[in-house]
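Scroll down for the structure; my scribbles are underneath it.
Nothing here was measured: the structure is a model prediction, and the numbers come from that model. Below, chain A is the first sequence line, B the second, and so on; all start at residue 1.
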Amino acid sequence: MTVRTRFAPSPTGYLHIGGVRTALFNWLYSRQHGGQFVLRIDDTDQQRNVQEALQPILDGFRWLGIDWDEGPEVGGPCGPYFQSQRGERYRDAAQQLLHSGFAYRDYARPEEIQAERQAAEREKRSFRYSRRWMAQDDRQAAEFESEGRSAVLRLKMPTEGQCCFNDLIRGDVAFQWSDEQDHVIQRADGTCLYHLASVVDDHDFGITHVIRAVEHLSNTPRQWFIANALGWQSPQFAHLPYVAEPGSSQKLSKRKLAQYLKNVDFRKLFEHGQQIAERIGLAVSADTFHPVIVDFYRQVGYLPDALVNYLLLLGWSLDDRTEHFTRDQMIQSFSLERVNRGPASFDPQKLVAFQDRYMRSVPVQAKLALVMPFLQQANLVDDAPSDVILQRVVRIAEAAGDRIKVGGDILDYDDFFIADDQLSYDPNAWQKRLVKPPQAQELLTRFRQRLAAWEDFTAEGVEHLMQQFIQDESIGIGQIIHAVRVAVTGKAVGFGMFETLAILGREACVQRIDIALQRLAPAPS
RNA sequence: GGCCCCGUCGUCUAGCGGUCUAGGACACCGGCCUUUCACGCCGGCAACACGGGUUCGAGUCCCGUCGGGGUCACCA
């Protein structure tokens, strides 16, 4: 039997990081067994612009390299893959359940159910619907209808015994049937509810393994019951632990951003991204642009492989030391048996560590591709950049090395793309390196003279020049180099100074130093 | 509250009765390197929730307690 797994997102407009983890495990499992991974859209709730709300989700999966064999945009033999288009199928199943006696027409009004529920609560006993408005037959149904009532379809759940199934992650699990409710499967208007739809789809799509978050564990008995009542065998279940908040064991939620921001690591991650978004003029919404949503990482220039590798290890491990996995290795090594049962909390620092490590092995050309869009969106380079510019970006990327943690970090080097007289200066650095040291101005002036006459403008050449300079002046290199950095880049920090000067070129360096000197001591008027 | 799940360093985890004075990774703290930043290198801190059993022997098995969480819709 071919393994078929699925992920069933609701079109909400964004892709949650926990959802991706679930999807990833499904994907890995199907790939490992040479099976298929199906994307099904749970839109029984009926929103107007499903397509619009779905796009970011599909884009997210594509970006992550999680491809689906059947589903939206790719089709497949079991379509349609949108629940909103499968209503007829669900109604048929509901009818079948009604006719076979596994479901009944219930004419209770919502208030009446509510009253029963409250009574149960008052008496401190667990609630179970009395079936008082259950229609025994058509005659009784007509009677209820004459009272102006309308019917929903409820599952006629067993009242004794237990539902046992084997969870691939949790082992044998058992629930008492007596604890279950007669769940509604179809509304009065004929539309069907999630549990029915889900079971029907899993069957129709030939899903063999339902790998999903643990919050569905307690839903499993009713789904198991539906499948059984319909004469089907339930798929195998595997309930994943949820992804928890940073430093807590509560479920990670997209709605608690304000609270997560109190966590320093989370905030750092967030603010770093926000800064990049700001620099490229990205209009971000606080609802969808933050570290719980996958799109955040894409827009800031993370490597999808790093994210995926991090997520893989959130609740799963191979052994006591392997942490780095290529896609093929993941597919090879993954197993549900080694998924943990406890929740794993989202750790921004560890994610960043993975990103760092992956970034280090990205070849220059790939790094160039990662980084260019940011320079373009920030209007620092043309959309059709010249070879000279491309060369310059490559040199910067190489010189910056692992200082570029994410694609957007290239913007830390915006000074290489700004006109000499447009440079802005870090006020603290300006003060500390140019204003405060008594000799800074003189030294910079003299160094500028040497620089202007210097031929060999390679990094090595410039270094040689400076070495000679500090020797002649009998100073430490620290006394000049920081002043030069601030004058030439406006910043307190950056990569190697000689490389910086070399990339900028003599003309720009001299010009920038002149501008700085002028700004430092304007000519008396 | 009922039902269910979970409980090893701050975090992710290894551990499937003896090799555990509990291993790795990230973070953290020292030190080295150093023109800043970043990296790198060396070293360090740090955990079996608790209490009973079972056993020659328990992080590992059983029970209980405590703690954390999930779920209880005509949402998905």
Given the [atom1] atoms of [N] and [M], what is the spacing between them in whole Å?
N: B:G51; M: B:C12; atom1: P; value: 24 Å
N: B:G23; M: B:A46; atom1: P; value: 12 Å
N: B:U8; M: B:U13; atom1: P; value: 9 Å
N: B:C26; M: B:C42; atom1: P; value: 12 Å
N: B:C29; M: B:G10; atom1: C1'; value: 13 Å
N: B:C37; M: B:C45; atom1: P; value: 28 Å
N: B:A27; M: B:C66; atom1: C1'; value: 29 Å
N: B:U60; M: B:A47; atom1: C1'; value: 15 Å

Review point. Checking all strands, does A:R40 fall into the base, sugar-phosphate, or nothing category for heavy-atom contacts under 4.0 angstrom?
Key: nothing
**Study point:** Sugar-phosphate only, base, or nothing, as touched by A:R125 at under 4.0 Å among non-hydrogen atoms
**Key:** nothing
Review point. A:Y104 and A:D182: side-chain donor and acceptor closer than 3.5 Å?
Key: yes
Who is the Watson-Crick or G-U wobble partner of [N], with both distances under 3.5 Å?
N: B:C61; answer: B:G53
N: B:G2; answer: B:U71
N: B:A22; answer: none
N: B:C28; answer: B:G44
N: B:G7; answer: B:C66
N: B:U34; answer: none

Review point. When you measure from the side chain of A:R149 to the backbone N and O of A:Y107, does any donor-acceptor pair fall under 3.5 Å?
Key: yes
Check your understanding: Taking the side chain from A:R433 and the backbone from A:A483, do they hold a donor-acceptor pair closer than 3.5 Å?
Key -> no
Of the options [options], whose atoms approach the side-chain atoms of [X] most closely?
X: A:P343; options: B:G10, B:A14, B:C6; answer: B:C6
X: A:D347; options: B:C6, B:U13, B:G10; answer: B:G10
X: A:A344; options: B:C12, B:A14, B:C4; answer: B:C12

Spacing of [X] atom [atom1] relative to [N] atom [atom2], expressed in whole Å:
X: A:W224; N: B:C4; atom1: CH2; atom2: C1'; result: 18 Å
X: A:R122; N: B:G2; atom1: CZ; atom2: C1'; result: 18 Å
X: A:L314; N: B:A14; atom1: CG; atom2: P; result: 12 Å
X: A:N309; N: B:A25; atom1: CG; atom2: C1'; result: 12 Å
X: A:R170; N: B:C4; atom1: CZ; atom2: P; result: 14 Å
X: A:D179; N: B:G1; atom1: CG; atom2: P; result: 16 Å

Practice item. Sugar-phosphate atoms are those with a prime plus P, OP1 and OP2; base atoms are the rest. Using that split, label each nucleotide of nucleotides 28-42 of chain B B, S or - for protein heavy atoms under 4.0 Å, 5' to 3'. Key: -------BBBBSS--
Revision key, fill the gap. Quick tally for nucleotides 71-76 of chain B: nucleotides whose base has a protein heavy atom under 4.0 Å get B, sugar-phosphate-only ones S, the rest -, giving S-SBSB
Review point. Does A:S345 have a side-chain nitrogen or oxygen under 4.0 Å from the phosphate oxygens OP1 or OP2 of B:C12?
Key: yes
Exercise for review: Please state whether the phosphate of B:G15, meaning OP1 or OP2, lies under 4.0 angstrom from any side-chain nitrogen or oxygen of A:R338.
Suggested key: yes
Check your understanding: Are A:F354 and A:H324 near enough that their ring centres are under 6.0 Å apart?
Key -> no
Take atom [atom1] of [X] as the centre, draw a 6.0 Å sphere, and report whether it contains more than 12 heavy atoms from other residues, nucleotides or ligands.
X: A:E111; atom1: CD; answer: yes
X: A:K268; atom1: NZ; answer: no
X: A:K405; atom1: NZ; answer: yes
X: A:R125; atom1: CZ; answer: yes

Practice item. Confirm from the modelled atom types if A:K350 and B:A25 form a donor-acceptor pair under 3.5 Å, side chain to base only. Key: yes
Check your understanding: With a 4.0 Å cut-off, would you call A:R279 and A:D412 a salt bridge?
Key -> yes
Check your understanding: Are any non-hydrogen side-chain atoms of A:Y260 and A:L252 less than 4.5 angstrom apart?
Key -> yes
Point to revise | Side chain to side chain, A:I17 and A:Y297, heavy atoms closer than 4.5 Å | key: yes
Check your understanding: CD of A:Q329 to CG of A:L318: how many Å apart, nearest 0.5 Å?
Key -> 9.5 Å
